[in-house]
Amino acid sequence: MAIHLTKESKILVQGMTGGEGMKHTRRMLAAGTNVVGGVNPRKAGRTVDFDDRPVPVFGSVAEGVDATGADVTVVFVPPAFTKAAVTEAADAGIGLAVVITEGVPVHDSVAFLAHARRRGTRVIGPNCPGLISPGQSVAGIIPADITKPGRIGLVSKSGTLTYQLMYELRDIGFSTCVGIGGDPVVGTTHIDCLAAFQDDPDTDLILLIGEIGGDAEERAAAYIRDHVTKPVVGYIAGFTAPEGRTMGHAGAIVSGSSGTARAKQQALEAAGVRVGRTPTETARQVLAALDAGA
């Protein structure tokens with residue numbers, strides 16, 4: 001099993017005919033992902049060949065869903081059009097929308113996330129790398145060749161750290177890796193993924209990657225304490241970040257003691273989570289936790 005994405009998922013790519021859409025659609029197909037179509041109203045009816053794999057282009061998400069039964073969309077459209085793209089996907093009945101786009105205005109994110117919730121569409125992102133269930137499917141920009149299927153579930157704010165931990169633990173492998181994005185407002189949270197991994201019989205350990213800013217990790221710690229029985233290992237990026245300055249993601253801003261890496265580490269450790277100070281140390285903590293449970 002996996003969470004949110006399996007080999008059965010049928011994926012549309014909104015913005016497939018753009019530069020980033022073309023590049024990453026080709027990579028998704030090479031990884032075995034079932035990409036069933038692209039969406040571009042100006043190029044509807046055309047077919048794009050990806051290394052002898054023809055992919056049709058539809059004029060709308062609704063047309064793509066009707067023709068293919070697609071249940072996932074990956075959004076590669078500019079920030080100004082992201083709200084409309086996600087709203088269209090939700091209205092078409094898509095179950096999962098993966099929003100890669102960076103720089104989406106927060107008020108647009110708030111609006112399309114509320115609309116998606118009303119329509120029953122899960123959103124991952126915006127400003128995220130997507131997710132991968134190794135050996136099954138990739139929805140987004142996560143490299144498929146740096147790890148293998150396994151029994152670790154990973155949820156992360158950071159794309160780069162997602163890739164690093166996937167590589168560090170490549171000999172163990174992952175059930176699903178979810179990059180939720182680092183914007184102040186995102187559709188799927190650490191807690192959402194913790195709950196899904198807790199219920200997934202093929203996930204034995206959960207790896208949580210956070211960063212400075214906000215209180216998402218503190219809320220995740222409270223959830224772990226009350227609801228998660230599987231071992232959890234954590235890493236918080238930003239131990240050396242100066243206060244009062246945005247670092248990396250738009251949501252990574254520290255004010256006073258609120259949102260610091262130390263405060264997040266303490267909250268997680270109080271909930272029984274092993275927390276590493278570096279990615280490599282975190283990988284060792286994962287191995288130790290797996291050995292302890294063997």
Side-chain angles (χ1 to χ4, degrees), residues 1-14 16 24-39 50 53 55-56 61 64-76 86 89-90 92-100 116 119-125 128-156 159 162-163 165-166 169-170 172-181 186-208 228 230:
M1 283 185 68
I3 70 166
H4 306 322
L5 187 73
T6 72
K7 63 183 178 181
E8 307 300 329
S9 299
K10 297 179 180 180
I11 296 178
L12 291 175
V13 181
Q14 290 173 264
M16 185 184 76
H24 290 293
T25 297
R26 179 171 280 107
R27 293 176 66 182
M28 286 189 280
L29 287 165
T33 302
N34 187 17
V35 178
V36 297
V39 179
F50 293 93
R53 168 75 184 270
V55 178
V61 177
V65 170
D66 288 344
T68 67
D71 52 5
V72 177
T73 183
V74 183
V75 179
F76 285 105
V86 179
I94 286 284
L96 175 65
V98 182
V99 186
I100 308 301
R119 292 290 188 174
T121 297
R122 173 177 295 282
V123 177
I124 295 176
C128 78
L131 70 163
I132 178 173
S133 296
Q136 298 192 58
S137 188
V138 183
I141 66 175
I142 298 177
D145 58 353
I146 57 174
T147 194
K148 67 178 183 180
R151 303 184 70 87
I152 302 170
L154 187 154
V155 54
S156 174
T162 297
Y163 313 150
L165 267 299
M166 286 172 60
L169 293 162
R170 62 194 179 279
I172 306 298
F174 295 81
S175 54
T176 302
C177 303
V178 186
I180 60 174
V186 294
T188 295
T189 67
H190 284 119
I191 291 174
D192 295 328
C193 292
L194 287 166
F197 284 132
Q198 172 66 22
D199 291 339
D200 177 24
D202 289 334
T203 296
D204 292 340
L205 178 145
I206 304 167
L207 176 54
L208 183 151
V228 178
K230 295 179 180 180

Just by distance, do the side chain of [X] and the backbone of [Y] share a donor-acceptor pair under 3.5 Å?
| X | Y | result |
| --- | --- | --- |
| Thr176 | Ile3 | yes |
| Thr121 | Leu96 | no |
| Ser133 | Leu5 | yes |
| Arg53 | Val35 | yes |
| Arg151 | Pro201 | yes |

To the nearest 0.5 Å, what is the distance between OG1 (Thr73) and CG (Leu12)?
5.5 Å
Distance (rounded to the nearest 0.5 Å) between Ile180 CD1 and Cys193 SG:
6.5 Å
Here the pair of heavy atoms bringing Val138 nearest to Ala31 is CG2-CB, 3.9 Å
Closest approach of Thr33 and Leu29, non-hydrogen atoms and distance?
O-CD2, 3.8 Å
What verdict does the side chain to side chain contact (heavy atoms under 4.5 Å, CB included) test give for Asn34 and Ser9, after you've listed the backbone C-alpha separation in whole Å, the side-chain angles of each residue and the deciding distance to 0.1 Å?
CA-CA 7 Å; Asn34 187 17; Ser9 299; over 6 Å; no
Val74 versus His24: any side-chain heavy-atom pair under 4.5 Å?
no
Should Leu169 and Thr147 count as side-chain neighbours, where that means a heavy-atom distance under 4.5 Å?
no
Verdict with reasoning, Ile141 to Phe76, per side chain to side chain contact (heavy atoms under 4.5 Å, CB included):
CA-CA 10 Å; Ile141 66 175; Phe76 285 105; 3.8 Å; yes
